[in-house]
Number of protein chains: 2
Amino acid sequence: MPVISRGARGRLPLYTQLKERIWEMVEQGQLKPGDQLPSERELCERYNISRMTCRQALSDLVNEGLLYRMQGRGTFVASPKVTQGLLGLTGFTEDMLSRGLIPETLVLSVEVVPASNKVAAFLELAIGERVVRLVRLRLASGQPMCLEQCHLPENLAPGLEKRRDLSGSLYKILSAHYGLHMVKAHETLEAVAAREREAEALEVATGSPLLLLERVTRGADGRAMEYVRSFYRGDRYRFQTELVRHEGE
Amino acid sequence: MPVISRGARGRLPLYTQLKERIWEMVEQGQLKPGDQLPSERELCERYNISRMTCRQALSDLVNEGLLYRMQGRGTFVASPKVTQGLLGLTGFTEDMLSRGLIPETLVLSVEVVPASNKVAAFLELAIGERVVRLVRLRLASGQPMCLEQCHLPENLAPGLEKRRDLSGSLYKILSAHYGLHMVKAHETLEAVAAREREAEALEVATGSPLLLLERVTRGADGRAMEYVRSFYRGDRYRFQTELVRHEGE
DNA sequence: GTGCCATACTGGTATAGACAACTGGACCCC
DNA sequence: GGGGTCCAGTTGTCTATACCAGTATGGCAC
């Protein structure tokens with residue numbers, strides 16, 4: 001039984017560890033929507049933490065929409081939001097699999113660099129802060145599909161650039177090893193002509209139409225955790241989305 | 001000088017009072033985006049509250065997007081969100097207005113034709129059923145932006161092809177005169193090269209990258225009411241969307 | 001039964017203090 | 001100049017405690 005650990009070097013804050021445990025329990029179905037959590041005082045005792053620390057974890061989770069509280073009654077697991085219509089937030093791997101294609105990835109480069117003006121703006125960092133830049137070529141059933149340049153704040157995922165499994169789903173890594181769960185993203189799409197760099201990687205002629213997808217992914221706390229620029233081959237990729245009428249329009 | 005008050009019956013919590021004061025200061029322009037707030041300890045002293053109370057106010061405001069914090073540096077006023085009102089199901093007219101552009105429309109042709117294979121499939125009609133086909137060139141602030149080909153089942157909007165106001169918002173007409181309210185839509189986007197037809201209308205070179213947006217709009221009863229193919233100039237148009245994570249993924 | 005109240009739970013607010021982690025600038029050494 | 005170290009100031013984490021406020025329950029008086 002993984003107990004909340006203290007004192008170890010490089011350990012995560014106690015409230016973060018508690019948040020992780022509760023996330024896990026919900027994800028694994030040990031806690032279902034509507035279920036009541038142990039009371040704050042009971043959690044304190046069980047994990048040997050103070051009430052304020054416990055409350056910080058719970059308050060965060062309430063803000064993130066995982067839980068809700070009722071004064072005098074208790075803390076409960078919230079129902080998943082009804083985000084009807086919108087397509088799910090998925091990475092390349094899941095996207096390709098859902099289209100019946102086999103995703104593969106070539107890691108072209110990974111390094112820690114200071115954030116450029118643009119990257120800093122998207123990730124809401126100060127210019128020059130350290131970010132991990134990961135460039136990957138993504139294949140679908142053996143064919144080049146997408147050239148992807150991904151930026152993450154280094155402090156959110158320290159040591160990411162040294163990992164050996166960067167050819168898999170980045171979101172899986174972030175979730176499993178860094179406790180970062182993507183919750184929402186803002187995307188823009190535009191049509192651009194392939195420059196030499198992209199054309200070469202994607203094996204098309206320069207000037208060919210590409211779909212440029214830019215995404216800022218946010219985690220449960222609303223912090224920007226990733227900024228991606230992906231160049232998709234225009235002849236192979238089609239983006240889909242559902243739109244819903246907003247109220248009051 | 002409105003001081004934070006304590007002890008009065010029915011008073012608001014101290015952290016709530018502090019939150020309101022900061023909101024006011026931002027709204028009245030005493031604090032502008034990017035400005036640094038007094039440090040937490042200074043706020044404590046100034047308002048005679050404890051640091052945890054002060055932090056609760058600031059944390060709330062961070063969650064609400066009014067402020068952001070940087071460890072070791074300070075707390076700052078955030079920039080207002082720019083991403084409001086981009087989403088939602090809107091037509092070209094609303095879309096352009098929300099971007100600060102002036103929409104104009106040239107009706108290139110309107111006629112009643114039998115549904116082709118493809119159109120019938122999208123609109124869920126039998127092949128050969130009568131549909132209204134409307135081709136329009138849409139301008140934004142005087143510049144060609146989008147070539148749009150729109151199909152509707154004739155029986156949903158009889159006489160539409162005879163109307164004189166087809167250069168306005170189609171959705172307004174459908175809503176006002178035919179009782180058709182769009183509720184949701186499925187869209188696909190891809191990057192294509194401009195053929196001669198599109199290039200000429202949009203005043204770009206053939207082969208230029210265009211964003212091809214295809215939309216099937218559905219009404220309140222779930223019936224497909226419209227199928228549109230729009231070719232947007234790649235250099236002028238950028239599509240935006242929000243993605244939300246589905247539960248259980 | 002009906003109504004009320006005491007009680008024992010829940011989360012909500014608030015305090016004072018400690019130490020850790022991080023930033024940026026001053027300062028010194030080479 | 002370049003490269004350190006040190007320091008003051010900032011937010012981040014955490015403790016221990018106290019009392020307030022809302023909710024459910026059960027028992028008592030009527």
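Convention: sequence-line order gives letters A, B, ...; per-chain numbering from 1. Worth knowing before you read on, the calculation uses all heavy atoms, side chains too, and leaves out hydrogens, waters and symmetry mates.
Atom C1' of nucleotide dT15(C) and atom CD of Gln56(B) are separated by 13 Å, given to the nearest angstrom. Look at CZ on Arg69(A): it is 14 Å from P on dT10(C), rounded to the nearest Å. In this structure, CD of Glu40(B) is placed 18 Å from P of dA18(C), rounded to the nearest angstrom. Between the CD atom of Glu45(B) and the P atom of dT10(D) there is a distance of 11 Å, rounded to whole Å. Atom CG of Leu14(A) is separated from atom P of dC19(C) by 17 Å (rounded to the nearest Å). With rounding to whole Å, Tyr68(B) atom OH is found 19 Å from dC22(C) atom P. Nucleotide dG11(C) holds its P atom 9 Å from the CG atom of Leu37(A), rounded to whole Å. Across the protein-nucleic acid pair, Asp60(B) atom CG and dG12(C) atom P stand 12 Å apart, rounded to whole Å.
Of the N and O atoms on the side chains of Tyr227(A) and Gln149(A), not one donor lies less than 3.5 Å from an acceptor on the other residue. With hydrogens and angles left out, the side-chain atoms of Arg138(A) and Thr105(A) include a donor and acceptor closer than 3.5 Å.
For the salt bridge (Lys or Arg N to Asp or Glu O under 4.0 Å) with Glu148(A), the lone residue among Arg136(A), Arg215(A), Arg133(A) that qualifies is Arg136(A). Among Val77(A), Leu31(A), Asp35(A), the one residue that satisfies the side chain to side chain contact (heavy atoms under 4.5 Å, CB included) test with Met25(A) is Leu31(A).
Look at Thr53(A) and you'll find a side-chain N or O under 4.0 angstrom from OP1 or OP2 of dT15(D). Using a 4.0 Å cut-off, some side-chain N or O of Thr75(B) falls inside it from OP1 or OP2 of dT11(D). Using a 4.0 Å cut-off, no side-chain N or O of Ser50(A) falls inside it from OP1 or OP2 of dT17(D).
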For nucleotides 1-6 of chain D, print each protein N/O atom paired with a nucleotide N/O atom at under 3.5 Å, atom names and distance only.
none

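Picking from dG12(C), dA14(C), dT11(D) the nucleotide with the shortest atom distance to the side chain of Arg55(B) gives dT11(D). Side-chain proximity of Tyr15(A) to dC14(D), dT15(D), dA14(C): nearest is dC14(D).
Within a 6.0 Å radius of CD in Gln36(A), other residues, nucleotides and ligands contribute more than 12 heavy atoms. For CZ of Arg99(B), the number of neighbouring non-hydrogen atoms (other residues, nucleotides, ligands) closer than 6.0 Å is greater than 12.
Of all the heavy atoms in Arg55(B) and Glu40(B), the pair that sits closest is NH1-OE2, 2.9 Å.
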Base versus backbone protein contacts along nucleotides 19-26 of chain D [heavy-atom cut-off under 4.0 Å; B, S, -]: B-BBSS--
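Electrostatic pairing of Arg229(A) and Glu198(A) does not count as a salt bridge here, judged by no charged N lying under 4.0 Å from a carboxylate O.
Atoms OG and CE, on Ser59(B) and Met52(B) in that order, are 8.5 Å from each other to the nearest 0.5 Å.
For the pair Glu42(B) and Met52(B), nearest-nucleotide mapping onto DNA chain D gives the more 5' position to Glu42(B).
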